[in-house]
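Position 1 is the first residue of the sequence, and the numbers go up from there. For the numbers below, each heavy atom of this structure counts, side chains included, while hydrogens, waters and symmetry mates do not.
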Amino acid sequence: MTLHNRCLAICATLLFVFADSAVAQSTGAALERPRVGLVLGGGGARGAAHIGVLRELERQRIPIDAIAGTSMGAIVGGLYASGMSVDDLEKLIESLNWKEAFTDDSSRRDLRFRRKEDDVSFPAPIEFGYRDGEILIPKGVIQGQKLGLILRKLTLPAAAIDDFDELEIPFRAVASDLGTGEAYVMDGGDLALAIRASMSLPAVFSPVELDGRVLVDGGLVSNVPVDAIRSMGVDVIIAVDVEFPLYPPEQLDSAVAITAQVLTVLIRKDTVRQLAELDDDDVLIRPDLGEFGSADFTSITKTIQPGVDATAAASGKLANLALSAEQFDQHLAARVMRSMPEERLAFVRVIDDGPFSSRVVLSRLHTAPGDRINHDRIARDADRLHGLSFYEQVDYRILEEGGKFGVEFNTRAKEWGPNFINFGLSLEDNFEGRTAFNLAGRVTRAGINALGAEWRTDLQLGTNPVVFTEFYQPLSFDSRFFVAPRLQYQSNSLNVFVAGDEIARYRVSGGELGLDVGREFGLWGEFRLGVLTGKGDAKLKTGQPVVPNIDFDEGAVFARFRVDTLDDAQIPLSGTRLGVEWLASRTGLGADDSFDLVTFDMIKAWTRGRHTINAGLSFNTSVDSDSQLRNLFSLGGFLNLSGLARGQLSGQHSGVAKLLYYRRTGAIGGLVDLPFYVGASLEGGNVWAERSDISFDSLRAHGSVFAGFGTFFGPLILAAGFGEGGEKNFYLTLGNSIL
């Protein structure tokens, strides 16, 4: 080796020695300060106080080296540990629609057209299952679909991290293991799912199955997880307790208060044990939240300042942990939130435990290999799959395999399926002795074959009995084309009025057998062609025999086109619904007479702020009809010339146009949000015996004022209707949409 090379080697060796010495000195300096662990307890909406705690800790320049959290503490702690700033956390809880987060209902725009039909007739959000002679119910009111996707978006930058020690701050989420009754500390895996498991309040959220365990809210067994943070090797613990306080004896005056107290006592027992393990050097912070409700998410930001104040009050003890301004800036700089991966997707796959063909599921996805990672697009795909209404939850995860990123959708079929039961209820009373009442049930056998066939059966009892069954068989993997044989029996009352007085009531009953073929258009529309045959009769039930009783045979073909983009089937705020149908009765198909019936209905809704305008138009006409009772169109009733009794006008042609205004009052966007509506309508229409009689001059002007709110079975509305001729009627309706 030359002298020159030897000199270079000696210099290089000296550089390495000096570098190692500098690193050792730096490490030694870092180890001189104690490792600080932060414990964030559960408490529902009260847990937002943790954001105030974090803000004040940063102001006092207190470093955090590890975090353990339960429930709401897991949300705040997990997001902060992944790199989210305090400012971003505060903006998040201010902007988040908590009501939407705590529901499973897919946006109506993401429902299949067939599911939108269910939503019209059966608005009740709870469904039951039936299997092996047993009625099944969901394990929780909320399955966590919306919340899961929100957490997925918030943790997306950390999607590829499987070890929570590799987060910007090492983190632990704590849940309760129902199998053992003990705390389960999650130190790795899927961050979003770990947070979701930690906050799964029993009976409200469905449990999370993870690592072969059934996990629920960690607050049941470890609401302030001091044990978890201690196991992370910290020297000093800062524990934040936001549990709801015990009620004083004088407030224990109801079953609800006593039940809540019992739960608080059970949770508090372990909290007392955990807090007793704190050392003299540890710090306990209890924000003064008073009786702020754990479910009061509408006022959640009010908890932040108490968190700041309680932490500031502990500044004397925290001062020993503070860093210099320069050191703390370096500490914060080391935990910058990772950015979302910029790579394009190398693969898109679905892990599906349902009966559908993989091609059926994949046909619902818009995300494809080669696309950039985009949460909103991927989440919409998850919602589309959830909109099939066969899955209790559809989630996704960004994976890194072999240096390439991809998305994996995970579906979980409803445990209470595949036979689903829905109930519906409708009631109308005019305060003059005329009441209509119907109780309906629908049983749907879903996922019969790989193409997604369904067998639907309806039974309605009451004023208008109905028995209906249909087998719906898609003919393609994307469900665009289908065939649907069906069988139906129904019975309706037809009232005959003279000079405003009811003089007779007929019962029109009939059964029909039909075969439909059709095509779905995306999620917004459907076209059907069909043929039907049947028999029926119209018989006088009460009053004068205006026309004789009749028996009739049916045989017809029909074409129907429908569009539905409404955001809500009962009280819409936006969107359109349209239906056009042509029915051709022909003697060659077995009918008694040949005639044509054409019907058209449309409504359109617009909303700005709390104000909604709803415009509607319907027109019905017959061609070559013999004016039999079964072919007449009737008007009268709420929003169909509201001043008249239901069915007070009948004719071969009918039309009505209506303009509604309604305003939402009260709280909007709350966790339990039942907005109250007040509104009014203007209506114009009539019935005509001959088409030549139709004119604007013959229209009758009517209107109404109404008030109501949404219920489990649909809107409950109290209304008063008025007509230009002095007619008036009052209505109390339940379960009927305002359309």
Can any side-chain N or O of [X] pair as donor or acceptor with the backbone N or O of [Y] at less than 3.5 Å?
| X | Y | answer |
| --- | --- | --- |
| His50 | Gly41 | yes |
| Ser299 | Lys302 | no |
| Asp395 | Asn410 | no |
| Asn223 | Gly42 | yes |
| Thr303 | Ile300 | yes |
| Asp329 | Glu326 | no |
| Thr70 | Ser222 | yes |
| Glu408 | Leu399 | no |
| Gln327 | Ser324 | yes |
| Lys414 | Ser389 | yes |

Tested for side-chain contact (heavy atoms from CB on, under 4.5 Å) against Tyr80, the lone hit among Leu167, Ile75, Val86 is Val86

Leu284: which of Val240, Ile238, Ile237, Leu278 passes side-chain contact (heavy atoms from CB on, under 4.5 Å) | Leu278

Within a radius of less than 6.0 Å around CG of Leu332, do more than 12 heavy atoms belonging to other residues, nucleotides or ligands occur?
-> yes

Answer yes or no: is there an ion pair linking [X] with [Y], defined by an N-O contact shorter than 4.0 Å?
| X | Y | result |
| --- | --- | --- |
| Asp65 | Arg33 | yes |
| Glu392 | Arg412 | yes |
| Arg35 | Asp235 | no |
| Asp376 | Lys153 | yes |
| Asp568 | Arg108 | no |
| Lys91 | Glu94 | no |
| Glu277 | Arg230 | no |
| Arg55 | Glu90 | yes |

Ring center gap for Tyr677 and Phe706 short of 6.0 angstrom = no

[X] [atom1] to [Y] [atom2] distance, which is reported to the nearest 0.5 Å:
| X | Y | atom1 | atom2 | answer |
| --- | --- | --- | --- | --- |
| Leu345 | Arg377 | CG | CZ | 10.0 Å |
| Ile351 | Thr411 | CD1 | OG1 | 8.5 Å |
| Leu38 | Ile64 | CG | CD1 | 4.5 Å |
| Asp177 | Arg213 | CG | CZ | 5.0 Å |
| Leu96 | Ile150 | CG | CD1 | 4.5 Å |
| Leu275 | Arg286 | CG | CZ | 5.5 Å |

Those residues at least two apart in sequence (or on a different chain) that pass salt bridge (Lys or Arg N to Asp or Glu O under 4.0 Å) with Arg380 are Asp110

Please tell me if the side chains of Leu289 and Val242 come closer than 4.5 Å, counting only heavy atoms from C-beta onward.
-> yes

Taking all heavy atoms of [X] and all of [Y], pick out the closest pair and write down the distance.
| X | Y | result |
| --- | --- | --- |
| Ala382 | Leu149 | CB-CD2, 4.0 Å |
| Gly219 | Asp217 | N-OD1, 2.6 Å |
| Pro287 | Ala49 | CG-CB, 4.0 Å |
| Phe171 | Gly69 | CE1-N, 4.2 Å |

Distance-only side-chain donor-acceptor flag, Thr311 / Asp309, under 3.5 Å = no

Quick one: do the Gln274 and Thr271 side chains pair a donor with an acceptor below 3.5 Å?
-> no

Verdict with supporting geometry, Asp296 and Thr298, side-chain hydrogen bond (donor to acceptor under 3.5 Å, both in side chains) | CA-CA 5 Å; Asp296 190 5; Thr298 57; 2.9 Å; yes

Where does the angle between the aromatic ring planes of Phe102 and Phe297 fall among parallel (under 30°), tilted (30 to 60°) and perpendicular (over 60°)?
-> perpendicular

Should the ring pair His611 and Tyr661 be called parallel, tilted or perpendicular, given that the plane angle runs from 0 to 90° and is split at 30 and 60?
-> parallel

Can Lys317 and Val236 be said to form a side chain to side chain contact (heavy atoms under 4.5 Å, CB included), step by step?
-> CA-CA 11 Å; Lys317 200 168 185 180; Val236 177; over 6 Å; no

Give the intermediate values and the outcome of salt bridge (Lys or Arg N to Asp or Glu O under 4.0 Å) for residues Asp241 and Arg268.
-> CA-CA 10 Å; Asp241 179 14; Arg268 173 62 61 180; 3.0 Å; yes

For residues 183-195, tabulate all N or O donor-acceptor pairs below 3.5 Å that involve a side-chain atom, not counting sequence neighbours.
residue, atom, partner, partner atom, Å
Tyr184, OH, Asp211, OD2, 2.8
Asp190, OD1, Arg152, NH1, 2.8
Asp190, OD1, Ala192, N, 3.2
Asp190, OD1, Leu193, N, 3.3
Asp190, OD2, Arg152, NH1, 3.1
Asp190, OD2, Arg152, NH2, 2.9

Val308 vs Val53, side chain to side chain contact (heavy atoms under 4.5 Å, CB included): CA-CA, chis, key distance, verdict = CA-CA 5 Å; Val308 172; Val53 172; over 6 Å; no

Result block: side-chain N/O donor-acceptor pairs under 3.5 angstrom for residues 198-207, not counting sequence neighbours:
residue, atom, partner, partner atom, Å
Ser198, OG, Ser71, N, 2.8
Ser198, OG, Val174, O, 2.7
Ser200, OG, Arg196, O, 2.8
Ser200, OG, Arg196, NH1, 2.4
Ser206, OG, Gln143, O, 3.4
Ser206, OG, Gln143, OE1, 3.4
Ser206, OG, Arg196, NH2, 3.4

Step-by-step side chain to side chain contact (heavy atoms under 4.5 Å, CB included) determination, Phe328 to Glu58 = CA-CA 8 Å; Phe328 192 70; Glu58 287 190 355; 4.1 Å; yes

Please lay out, stage by stage, how Thr367 and Asp381 fare under the test side-chain hydrogen bond (donor to acceptor under 3.5 Å, both in side chains).
-> CA-CA 7 Å; Thr367 304; Asp381 280 341; 2.6 Å; yes

Check the pair Gln60 / Leu321 against side chain to side chain contact (heavy atoms under 4.5 Å, CB included), numbers first and verdict last.
-> CA-CA 9 Å; Gln60 295 186 36; Leu321 305 175; over 6 Å; no

